[in-house]
Amino acid sequence: MKPAALLLLSTSLLALLACPHSKVEESFNLQATHDLFYHGVGPALKSVHDSTENTCSAGADNDRSCGADYLPYDHIKFPGVVPRTFFGALILAYLAKLIAFIIPDQILNLASRPMLVQFLIRLELLLLNWMACIRLARAVDCYFHELSKSSQKQKKNASTIQSTTGSYFLLITAAQFHIPFYSSRLLPNTFALLLVINAYADWFRGCYRRTAMYLVFTAGIFRCDMLLLLFTVGLCMLIQRRLMIIQALGVGIATGIAGLILTVPLDSLLWGRLIWPEFEVWWFNTVDNRSSEWGEMVWHWYFSRALPKGLMATTFLIPLAFVRLPEFLDKLRLTKNSADNKQQQSFFDWSLCSFFAPVFAFVVFYSFLPHKEIRFIFPAIPMFNVCAAYGMSRLHRVAFPCAVSHNKTSLVSRVMFICGLATIVLTLVASSIFLSLSRKNYPGGQALLLLRSHLIDTVSNRTKWNEVRVHVDVAAAMTGVSLFGQRHASIRQLDNNGYDGPFAIDKSGYEEKNKAGEAQMHSFTHLLTERAQVDGYHLIDTVKGNPRLNIKGFQIEIDDAIFIHERDNWSQ
């Protein structure tokens, strides 16, 4: 299992390093971790101005030292469509603060390196998801070990399944794109995925109450749509009498109250009003039915597009979790022991049916909602991968039978096993292409770094540096510009360990109050914008983005996405 676990860690780290910036979907939690790391927890006041303009000492560990009578939280100016919880961001931010406290400033002043803080916070989430996947892999192995002990037939073969399914789960997950890539991205879906994977691990271990607790907690704090998964998994447990109705109600009520205690006071303090974020999200999506404003997909989109894209070639391994086709084909060549053939096992294998069916039903129920995105069904992917891993372990067992069985491996068995490995290799190749495409998806973040390099090269005196005023339009803000990046870009360290800056960075948003007018635009010294030409400014650099794969030409095509402008005669 260790090599597969290390491969999963490697592919996840590669995705983190290759794509250090963030997009709009994860902006709330990323900006929240910045604010909680640098400003701490305090009441949200409505008279807040732009957070970058009000940062008194960019090298300070905590902006409370500036003497300001407010905390410049980003979410007050940019609240988003629906409110989200700060609970996940709080944990990651304070883990980073603990690390910063442990490391002496003489060795590393972590707070003065905002991009390193951003990397550390994303790394924390990555490691939590990685450990959850390892925990699930071990739980799957334990499940098959217990299953083999309860059976008196083919103990050696069952032991082989037990020893390879968990490893193949990690290997398949590592070869895919979405879980390694998103495991470090601060989406509410990623926080939910972390808890759901742990719920699956307890489910395989027979800890049914704890499974229900994880799912209730996830639905109440991070993603209200996990109520669908809670319903399907809970119904399955009740039908199988793994939980009694009274037990289920007790777990649900107790965990729900605990979740409210954790989320409501914290979020009410930071949002400045009494609030349960996931209830408002549920109301927005279900009662108001406004999620369809962001687009609608056909009912079968999850099955015809999303899951094939998420699972890729490993999709072909999933049916082998439920049919003993490799064993059946292998039995056909054995003609000597006819008695054994009569006693062979059923063609169908129901070992994972009780786990797979509720998760499959979750995707079916989710398909009735018109607005669809692949990240909404992230919690289903690990269970699909467990089934694919079980199918791959079946190919492994037939291709490499135990010595005590005295069965010789056949050419057909080896070919089937090689085909199974080929699906994993093809998936890894496709994931590499997706990662190459994703690297070009963050032109806003790259543009901000290029602007910083330009200013360091052209601005020599402190007064001029502090006069810089940058405007970031919506297109740039949505494609990689974060508060960590703004803090990094607006500061330069001097030889005497002092700092110049921070200079002002103004961000546009889709909210009407956050849109910059033409008259206001000319008050800025520099612009990061999707507009190729702006009167009174000259172009200093261009960042390409909007990647797409040209399959015929087998190349990645990109366009000019974000333009960096400087006001005419400003540098003179």
Side-chain angles (χ1 to χ4, degrees), residues 136-169 172 196-197 199-208 211-212 215 229 231-243 303 307 311 314-332 340-365 379-399 401-402 405 413 416-417 420:
L136 175 55
R138 289 174 176 168
V140 169
D141 280 346
C142 288
Y143 169 76
F144 283 111
H145 177 68
E146 293 299 320
L147 207 62
S148 66
K149 286 201 314 184
S150 64
S151 174
Q152 298 301 316
K153 298 179 180 179
Q154 301 179 343
K155 288 187 177 181
K156 295 295 181 180
N157 286 347
S159 178
T160 303
I161 296 174
Q162 171 266 326
S163 63
T164 59
T165 304
S167 295
Y168 278 125
F169 164 74
I172 288 170
V196 169
I197 292 175
Y200 288 159
D202 284 324
W203 193 9
F204 276 105
R205 290 184 182 273
C207 303
Y208 303 111
T211 301
L215 294 177
L229 185 62
F231 169 73
T232 57
V233 172
L235 182 63
C236 179
M237 289 181 182
L238 290 174
I239 293 173
Q240 292 181 308
R241 297 186 177 275
R242 307 297 189 187
L243 280 180
F303 294 100
L307 282 172
L311 303 173
T314 57
T315 305
F316 297 106
L317 296 173
I318 294 177
L320 297 179
F322 306 103
V323 295
R324 293 188 171 93
L325 180 62
E327 294 95 327
F328 177 76
L329 294 177
D330 194 54
K331 287 284 186 181
L332 291 179
D340 291 342
N341 290 336
K342 292 179 181 178
Q343 297 175 5
Q344 65 182 349
Q345 292 177 306
S346 167
F347 182 70
F348 296 100
D349 187 337
W350 308 108
S351 302
L352 289 176
C353 194
S354 61
F355 297 97
F356 179 74
V359 178
F360 185 86
F362 159 73
V363 181
V364 171
F365 288 141
I381 292 179
M383 189 60 73
F384 279 80
N385 285 350
V386 168
C387 295
Y390 186 44
M392 188 64 208
S393 71
R394 171 165 280 126
L395 295 175
H396 182 113
R397 183 177 74 255
V398 174
C402 297
S405 66
S413 303
M416 287 190 297
F417 177 74

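Throughout, numbering of the chain's residues begins at 1 and tracks the sequence.
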I'd like to know if the side chain of [X] and the backbone of [Y] have a donor-acceptor N/O pair within less than 3.5 Å.
X: T232; Y: L229; answer: yes
X: R242; Y: G206; answer: no
X: R324; Y: F347; answer: no
X: S393; Y: T165; answer: no

Test ring pair (Phe, Tyr, Trp, His ring centres under 6.0 Å) applied to F322 - qualifying residues, sequence neighbours left out: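 Ring pair (Phe, Tyr, Trp, His ring centres under 6.0 Å) check on F322 returns F356.
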F303: partners by ring pair (Phe, Tyr, Trp, His ring centres under 6.0 Å), with sequence neighbours left out: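 With neighbours one apart ignored, the set is F360.
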Could you tell me if the side chain of [Y] sits less than 4.5 Å from the side chain of [X], heavy atoms only?
X: Y208; Y: Q240; value: no
X: L395; Y: L317; value: yes
X: M416; Y: L325; value: no
X: V196; Y: P382; value: no
X: I318; Y: L311; value: yes

Show the nearest heavy-atom pair for residues [X] and [Y], with the distance to one decimal.
X: S351; Y: D349; result: OG-OD1, 2.6 Å
X: S354; Y: C236; result: O-SG, 3.3 Å
X: A321; Y: C387; result: CB-O, 3.2 Å
X: L320; Y: G391; result: CB-CA, 3.7 Å

F355 ring center near Y200 ring center (under 6.0 Å):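 They do not qualify: ring centres at least 6.0 Å apart.
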Scan F384, F144, F169 and name whichever one has a ring pair (Phe, Tyr, Trp, His ring centres under 6.0 Å) with Y390.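 Of the listed residues F384, F144, F169, the ring pair (Phe, Tyr, Trp, His ring centres under 6.0 Å) partner of Y390 is F144.
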Measuring from T314:OG1 to M392:CE, what's the distance to the nearest 0.5 Å?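 Result: 11.0 Å between the selected atoms.
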Working for side-chain contact (heavy atoms from CB on, under 4.5 Å), residues F362 and V233: CA-CA 9 Å; F362 159 73; V233 172; over 6 Å; no
Verdict with supporting geometry, L136 and F204, side-chain contact (heavy atoms from CB on, under 4.5 Å): CA-CA 8 Å; L136 175 55; F204 276 105; 3.8 Å; yes
